[in-house]
Q: 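Have a look at the structure that comes next, please.
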Amino acid sequence: MSVAVRVIPCLDVKDGRVVKGVNFQGLRDAGDPVELAKRYDAEGADEITFLDVSASSEGRATMLDVVASTAEQVFVPLTVGGGVRSVDDVDALLRAGADKVGINTAAIARPELLTEVATRFGNQVIVLSVDARRCPEGVTTPSGYEVTTHGGSRSTGIDAVEWAVRAAGLGAGEILLNSMDADGVTGGFDLEMIDDVRSRVDVPLIASGGAGRPADFAAAAGHGADAVLAASVFHYGTLTIGEAKEALRAAGHPVR
């Protein structure tokens, strides 16, 4: 039997509140992270992802108190990212109640961090977050996609597909592929980008950025995503976890 496609709500947290915007701009309040996490747990979310969206740009660590409070209230796996720079940061998050840890900027700066974390905790702990966009004018990569950092505000010139391949080899257990062009736009996932990464990477792939309709989740799974992640459509009541799962089920994808 095929592995069930996971539906994952994402809580982008800034200053202790869940926020959401379009292309990481125009952030507006979406609620209390602990209360939202409890709601999604009750609605049947398979996992919850918690991203401290300003930790890297502000040069600080993730808020451990919010992580601990969330972990106490939910009973599904919790992935936490934002401001993770060292093995000790990962250790602190796992002790606070995270099941997996998202790493982005620090791994780009020092890729061996992925191996260090995988060696100590196992690669199942590492979710490499790849904030990718189609190359803007003046930037060229083999795949046509580049990696960005700091919430999409900084260009790296690094090829997104090649980086996903390299990171999986270094120890990343999953790839969270977030289309910065589609983020918050609700026009559908970037299926071409999913195809390109899926064709090169064997570890589980989480599609992120662009969900707007139930059919979008099924489309991403049909292009090889092992999990589908969304934020604003869940936070603002456009869609429910159940509707996303029903669309996946109707398209022939197993769900929990």
Side-chain angles (χ1 to χ4, degrees), residues 1-10 44-49 51 76-77 79 81 100 102-104 107 114 123-135 141-148 158-231 233-234 239 241 243-256:
M1 181 178 175
S2 299
V3 177
V5 177
R6 291 167 286 149
V7 177
I8 307 174
C10 181
D46 297 301
E47 296 181 13
I48 292 170
T49 291
L51 298 178
V76 294
T79 298
K100 293 185 275 190
I103 302 175
N104 180 354
L114 298 172
N123 65 357
Q124 79 284 348
V125 161
I126 305 172
V127 178
L128 180 79
S129 183
V130 180
D131 289 341
R133 68 180 176 190
R134 291 170 188 272
C135 291
T141 68
S143 71
Y145 309 106
E146 75 154 338
V147 177
T148 66
I158 296 170
D159 184 275
V161 177
E162 294 297 335
W163 172 230
V165 172
R166 183 183 179 198
L170 288 169
E174 291 186 80
I175 304 294
L176 170 54
L177 181 65
N178 185 36
S179 168
M180 301 306 292
D181 300 312
D183 180 80
V185 178
T186 68
F189 294 97
D190 189 329
L191 301 178
E192 186 177 5
M193 184 187 291
I194 294 170
D195 285 338
D196 290 346
V197 175
R198 176 79 287 165
S199 69
R200 300 282 308 281
V201 171
D202 293 329
V203 299
L205 179 62
I206 306 166
S208 171
R213 304 170 301 141
D216 293 334
F217 296 94
H223 282 254
D226 300 280
V228 283
L229 179 147
V233 290
F234 293 144
L239 295 174
I241 304 288
E243 287 171 332
K245 288 193 171 188
E246 183 52 42
L248 287 162
R249 189 179 294 111
H253 302 292
V255 294
R256 293 192 181 95

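Heads up: numbering here begins at 1 and tracks the sequence.
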Q: According to salt bridge (Lys or Arg N to Asp or Glu O under 4.0 Å), does anything in residues 220-231 pair up with another residue at least two apart or in another chain? List the pairs.
A: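 Non-adjacent pairs meeting salt bridge (Lys or Arg N to Asp or Glu O under 4.0 Å): Arg198-Asp226.
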Q: What pairs with Arg166 under side-chain hydrogen bond (donor to acceptor under 3.5 Å, both in side chains), at least two apart in sequence or on another chain?
A: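 With sequence neighbours excluded, Arg166 shows a side-chain hydrogen bond (donor to acceptor under 3.5 Å, both in side chains) to no residue whatsoever.
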Q: Atom CG of Asn123 and atom NZ of Lys100: how far apart are they, to the nearest 0.5 Å?
A: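 Here the interatomic distance stands at 11.0 Å.
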Q: Mind checking the CG-OH spacing from Asp196 to Tyr145? Nearest 0.5 Å is all I need.
A: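 These two atoms lie 4.0 Å from each other.
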Q: Could you list all the salt bridge (Lys or Arg N to Asp or Glu O under 4.0 Å) pairs where at least one residue sits in residues 243-256, not counting sequence neighbours?
A: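 Of all non-adjacent pairs touching residues 243-256, those that pass salt bridge (Lys or Arg N to Asp or Glu O under 4.0 Å) are Asp46-Lys245, Asp46-Arg256, Glu246-Arg249.
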Q: Take Arg134 and Asp190 through the test side-chain contact (heavy atoms from CB on, under 4.5 Å) and record every step on the way to the result.
A: CA-CA 10 Å; Arg134 291 170 188 272; Asp190 189 329; 2.9 Å; yes
Q: Kindly list each side-chain donor-acceptor pair under 3.5 angstrom involving residues 202-220, sequence neighbours excluded, with atom names and distances?
A:
{"residue": "Ser208", "atom": "OG", "partner": "Asn178", "partner atom": "OD1", "Å": "2.9"}
{"residue": "Arg213", "atom": "NH2", "partner": "Asp216", "partner atom": "OD1", "Å": "3.2"}
{"residue": "Asp216", "atom": "OD2", "partner": "Gly212", "partner atom": "N", "Å": "2.8"}
{"residue": "Asp216", "atom": "OD2", "partner": "Arg213", "partner atom": "N", "Å": "2.9"}

Q: Work out which heavy atom in Ile194 is nearest to a heavy atom in Ala225; give both atom names and the distance.
A: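 Residues Ile194 and Ala225, closest heavy atoms: CG2-N, 4.3 Å.
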Q: With sequence neighbours excluded, tell me which residues meet side-chain contact (heavy atoms from CB on, under 4.5 Å) with Thr49.
A: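 Thr49 satisfies side-chain contact (heavy atoms from CB on, under 4.5 Å) with Ile8, Cys10, Leu51, Thr79, Leu229 once adjacent residues are dropped.
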Q: Which atoms form the tightest heavy-atom contact between Ala172 and Ile126, and what is the distance?
A: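 The answer is CA-CG2, 3.9 Å.
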Q: Roughly how far, to the nearest 0.5 Å, is the SG atom of Cys135 from the CG atom of Asp159?
A: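 If we round to the nearest 0.5 Å, Asp159:CG and Cys135:SG are 7.0 Å apart.
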Q: Mind checking what makes salt bridge (Lys or Arg N to Asp or Glu O under 4.0 Å) contact with Arg6, not counting sequence neighbours?
A: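 Testing Arg6 for salt bridge (Lys or Arg N to Asp or Glu O under 4.0 Å), a comparison that skips the adjacent residues, returns Glu47, Glu174.
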Q: Working to the nearest 0.5 Å, report the span between CD1 of Ile48 and CZ of Phe234.
A: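 Rounded to the nearest 0.5 Å, the CD1-CZ separation comes out at 11.0 Å.
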Q: Testing the basics here: between Val76 and Ala45, what is the closest heavy-atom pair and its distance to 0.1 Å?
A: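 Smallest heavy-atom distance, with atoms named: CG1-O, 3.3 Å.
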Q: Would you check if Glu146 and Arg133 make a side-chain contact, meaning some heavy-atom pair closer than 4.5 Å?
A: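 They are in side-chain contact.
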Q: Check Ala160 against Val147 and note the closest heavy-atom contact, atom names and distance.
A: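 For Ala160 versus Val147, the nearest heavy atoms are CA-CG2, 3.6 Å.
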Q: Looking at every non-hydrogen atom in both residues, tell me the closest pair between Leu177 and Ala132 and how far apart they are.
A: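 Closest heavy-atom pair between Leu177 and Ala132: CD1-CB, 4.3 Å.
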Q: For the atom pair CD1 (Ile175) and CH2 (Trp163), what is the distance rounded to the nearest 0.5 Å?
A: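 Result: 8.5 Å between the selected atoms.
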Q: Considering all heavy atoms of both residues, which atom of Val5 and which atom of Ala227 are nearest to each other, and what is their separation?
A: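 That closest heavy-atom pairing would be CG1-CA, 4.2 Å.
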Q: Holding to side-chain hydrogen bond (donor to acceptor under 3.5 Å, both in side chains), I want the full list of residues that pass it with His223, two or more places apart in sequence or in another chain.
A: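 Listed in chain order: Asp195.
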Q: Working to the nearest 0.5 angstrom, can you tell me the gap between Asp131 CG and Asn104 CG?
A: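 Asp131 atom CG to Asn104 atom CG measures 5.0 Å (nearest 0.5 Å).
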